[in-house]
2 protein chains.
Amino acid sequence: MKIDPRHLEILAAIVENGGLTEGAEALGKSQPSVSRTLAQLESRIGTALFKPGRRPLQPTELGEALAEQGRMVRKANLASSDIVSRFKAGHAGLVRVAGTPIFMDGVISGIIARFQAQVPDVRVEQSYGYAETLIEKLRNETLDMAIVPLRRDKVPRDLLFQPILPGLNVVACREGHPLTRRKLLTPQDIEEFPWIAPPVDSPLYRDLKRALANIGAENYRISFSGGSLASVINVLTGSDSLTVLPYSVVFTMKAQSAIEALSLEIGHPDRMLGVLASSTPHDNPAAQRFRAFVVAQFEALAHRIVQHQKDRIWR
Amino acid sequence: MKIDPRHLEILAAIVENGGLTEGAEALGKSQPSVSRTLAQLESRIGTALFKPGRRPLQPTELGEALAEQGRMVRKANLASSDIVSRFKAGHAGLVRVAGTPIFMDGVISGIIARFQAQVPDVRVEQSYGYAETLIEKLRNETLDMAIVPLRRDKVPRDLLFQPILPGLNVVACREGHPLTRRKLLTPQDIEEFPWIAPPVDSPLYRDLKRALANIGAENYRISFSGGSLASVINVLTGSDSLTVLPYSVVFTMKAQSAIEALSLEIGHPDRMLGVLASSTPHDNPAAQRFRAFVVAQFEALAHRIVQHQKDRIWR
DNA sequence: CAACCAATATAACATCAAGTTATGAAGATT
DNA sequence: AATCTTCATAACTTGATGTTATATTGGTTG
């Protein structure tokens with residue numbers, strides 16, 4: 001026997017409210033509608049579900065047992081509505097975000113932590129990659145957003161790119177590095193110290209080479225390469241090595257690691273760091289919410305950077 | 001947002017079977033029907049529930065969460081069907097049975113015990129009363145069946161009466177009572193011993209008076225009255241008192257109590273012990289089942305009584 | 001890359017259930 | 001007994017669900 005789950009819900013409402021009229025009111029339906037539905041349910045089951053001639057209406061044993069199941073159905077229904085509304089408000093769901101490793105580790109992961117403090121039911125799935133592969137994944141719908149440095153003219157038409165910071169790389173070193181005391185740095189100063197290189201296929205690697213070329217350093221030596229941010233910073237703080245990092249990363253990591261940036265003009269890439277996402281506002285409210293959060297966090301970061309620069313000038 | 005619980009069930013079926021076609025098959029519906037239902041659900045929610053272009057079809061996070069609720073609904077639905085079918089088979093439910101106190105205690109309670117060994121999920125609610133009040137309760141539908149002695153011509157038209165034993169009362173006494181050794185009993189023999197009387201409003205009390213009149217005893221004395229069966233038997237076995245009891249009760253209780261029946265013809269009431277129930281086969285399969293069980297048990301009891309009589313004659 | 005095959009979506013229609021209002025019947029209450 | 005509340009019924013409209021037939025789509029394969 002197949003029973004319509006809605007009928008069970010209605011039965012539960014009748015039982016709980018002690019009457020057809022009250023049950024109908026609780027359900028927001030008319031009394032005749034509820035009455036007929038109950039009659040139909042009883043006729044299908046082939047048994048009365050309420051004791052005859054009692055007020056308030058009292059269910060039979062069977063009626064009570066089925067009403068209990070009706071409560072289960074209603075519970076599932078309420079849970080469903082809740083799930084949907086939380087999802088649509090971006091308070092629940094899954095955000096798949098990817099970006100260049102250094103950025104993800106150095107800046108985004110902290111932003112994710114703050115985001116999750118705010119909306120704990122959103123799960124964030126982080127992965128790493130560079131523009132090309134991430135664009136592919138965005139088109140695949142296997143990724144919700146990518147945080148990558150990108151040249152304006154390289155932005156794919158079918159995707160939406162929201163810039164959040166200008167590309168700004170700096171030479172990073174440990175706090176108290178010998179070079180931090182010098183006002184003017186020559187290529188010779190630079191060539192004295194070993195370099196940490198990012199992975200060769202990363203944009204940052206290209207930035208490093210260009211920076212060194214700009215400075216005029218030709219005989220540089222690379223002592224360490226291929227590590228992720230944690231390794232880079234460990235090596236950086238444990239030695240006199242230098243490396244190229246986005247300024248936002250150095251600025252962010254200063255709070256926890258003893259690194260700083262040399263005041264050395266190395267030429268900025270013509271890229272913007274930005275959030276790349278499907279242009280169709282595809283239905284992932286949590287991702288939308290996270291994107292807005294990331295943008296806002298970067299605005300705050302930019303502001304703090306400006307503030308910090310002013311302070312330095314004043315000193 | 002109100003979601004149709006049936007849609008959730010369908011969603012669960014699609015998710016579990018990895019496709020619309022398979023889901024439809026599992027549900028016993030056509031593929032287009034399921035397809036449209038899913039489309040409708042998605043449009044109401046305002047979000048896709050499955051990742052686009054995947055085979056086997058993979059649900060989104062939201063789709064999976066809602067499918068989980070769908071499984072809850074289905075579970076409740078299956079439980080309901082089970083509850084109903086068990087109820088209709090008489091394997092579950094409530095049976096409200098009443099009867100004259102002596103009978104209920106002496107015979108029916110043992111039958112109930114055997115019944116429950118067979119169908120443990122049926123609850124039996126026992127109460128006591130005499131024909132008049134029980135007939136009232138049967139009409140009220142506050143009772144499923146009454147086990148009472150009744151004259152054939154006193155059976156109400158609107159109720160169904162199924163005779164199960166002829167009325168047969170005996171004089172009961174303790175085992176080894178002085179009177180058990182006598183072949184022929186005179187009124188004087190009887191008057192020597194005190195009597196235990198049932199409650200004055202009981203049929204058995206009228207039987208007692210009639211029996212004593214039949215015997216010709218006029219000067220009898222009543223030493224105890226008003227007790228239920230347990231008290232009666234305690235007094236009986238602890239003294240030389242006599243009382244009138246249905247033979248079926250004495251026969252049944254012999255197994256556990258040291259009582260026996262005097263071979264004294266006391267004249268039988270023109271009543272039949274029987275099961276009285278609503279003539280409408282009102283929808284309580286468990287009660288029907290119990291009634292059939294009681295009838296069968298009494299048949300077996302009657303058979304054992306006949307067997308026992310034969311044995312006595314042979315000795 | 002074209003062609004094929006399986007799965008899904010759409011169309012068109014029939015049927016049934018659920019909703020409505022209006023009203024009758026029945027029970028409880030005084 | 002009269003009244004008032006509650007439940008059942010009637011008549012009708014609307015929307016959902018089911019069907020079969022067919023078009024699209026997407027993945028697979030030579």
Side-chain angles (χ1 to χ4, degrees), chain A residues 1-45 47-60 63 67 70 73-74 77 136 139-142 280, chain B residues 1-45 47-60 63 70 73-74 77 136 139-142:
Chain A
M1 161 135 25
K2 201 188 83 186
I3 299 176
D4 190 325
R6 294 174 302 173
H7 291 187
L8 295 176
E9 279 188 281
I10 291 172
L11 175 63
I14 297 171
V15 168
E16 287 172 7
N17 295 281
L20 294 189
T21 307
E22 298 87 336
E25 197 174 356
L27 290 165
K29 297 186 196 301
S30 68
Q31 171 268 320
S33 177
V34 170
S35 171
R36 194 183 39 188
T37 300
L38 175 62
Q40 195 175 333
L41 179 60
E42 285 183 330
S43 89
R44 284 186 191 170
I45 289 179
T47 301
L49 261 17
F50 288 90
K51 296 176 184 169
R54 286 279 197 307
R55 186 167 314 287
L57 229 47
Q58 278 198 333
T60 61
V73 172
R74 186 185 45 200
N77 215 323
E136 188 64 27
R139 289 191 178 124
N140 271 354
E141 298 272 5
T142 57
T280 66
Chain B
M1 160 134 24
K2 200 189 83 185
I3 299 174
D4 190 324
R6 292 174 304 174
H7 292 188
L8 295 176
E9 280 188 280
I10 290 173
L11 174 64
I14 298 171
V15 168
E16 286 172 7
N17 295 282
L20 294 189
T21 307
E22 297 86 338
E25 196 174 353
L27 289 166
K29 298 186 196 297
S30 68
Q31 171 268 320
S33 176
V34 170
S35 170
R36 193 182 38 187
T37 299
L38 175 62
Q40 195 175 334
L41 179 59
E42 285 183 330
S43 89
R44 285 184 191 171
I45 289 178
T47 301
L49 263 16
F50 287 90
K51 295 174 185 168
R54 285 277 197 309
R55 184 168 314 287
L57 229 46
Q58 277 197 333
T60 61
V73 172
R74 186 185 46 200
N77 215 324
E136 189 62 28
R139 291 192 177 124
N140 272 356
E141 299 271 4
T142 57

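Side chains included, hydrogens not; waters and symmetry mates left out as well; all remaining heavy atoms used. Reminder, nothing fancy here: chain letters follow the sequence lines and each chain counts from 1.
Judged as a side-chain hydrogen bond (donor to acceptor under 3.5 Å, both in side chains), and not counting sequence neighbours, B:N17 has no contacts. For A:A39, there are no side chain to side chain contact (heavy atoms under 4.5 Å, CB included) partners at least two apart in sequence or on another chain. Every residue two or more places apart in sequence or in another chain that forms a side chain to side chain contact (heavy atoms under 4.5 Å, CB included) with B:D4 is listed here: A:R6, B:R6, B:H7. Taking the side-chain hydrogen bond (donor to acceptor under 3.5 Å, both in side chains) definition, one finds that A:E136 meets it with nothing, sequence neighbours left out. Taking the side-chain hydrogen bond (donor to acceptor under 3.5 Å, both in side chains) definition, one finds that B:R36 meets it with nothing, sequence neighbours left out.
Atom CD of A:E9 is separated from atom P of C:dG19 by 11 Å (rounded to the nearest Å). Going from atom CD of B:E25 over to atom P of C:dA7 covers 10 Å, rounded to whole Å. Taking atom CG of A:N17 as the reference point, atom C1' of D:dC7 lies 16 Å away to the nearest angstrom.
Of all nucleotides listed (C:dG19, C:dA7, D:dT19), D:dT19 comes nearest to the side chain of B:S30.
Here A:H7 reaches the OP1 or OP2 of C:dA18: one of its side-chain N or O atoms lies under 4.0 Å away.
For residues 9-20 of chain B, the pairs satisfying salt bridge (Lys or Arg N to Asp or Glu O under 4.0 Å) are B:E16-B:R71, B:E16-B:R74, with sequence neighbours left out. Annotation: side chain to side chain donor-acceptor pair (under 3.5 Å) contacts involving residues 19-33 of chain A, sequence neighbours excluded, are absent.
Here the side chain of A:N77 pairs a donor or acceptor atom with the backbone of B:I3 at under 3.5 angstrom.
Note on the helix from C:dC1-D:dG30 to C:dT30-D:dA1: angle between the axes of the first and last five pairs equals 40°, rounded to 10 degrees.
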Protein and nucleotides 9-12 of chain C: nitrogen or oxygen contacts under 3.5 angstrom:
| from | atom 1 | to | atom 2 | distance (Å) |
| --- | --- | --- | --- | --- |
| C:dA9 | OP2 | B:S35 | OG | 3.0 |
| C:dA9 | N7 | B:Q31 | NE2 | 3.0 |
| C:dA9 | N6 | B:Q31 | OE1 | 3.4 |

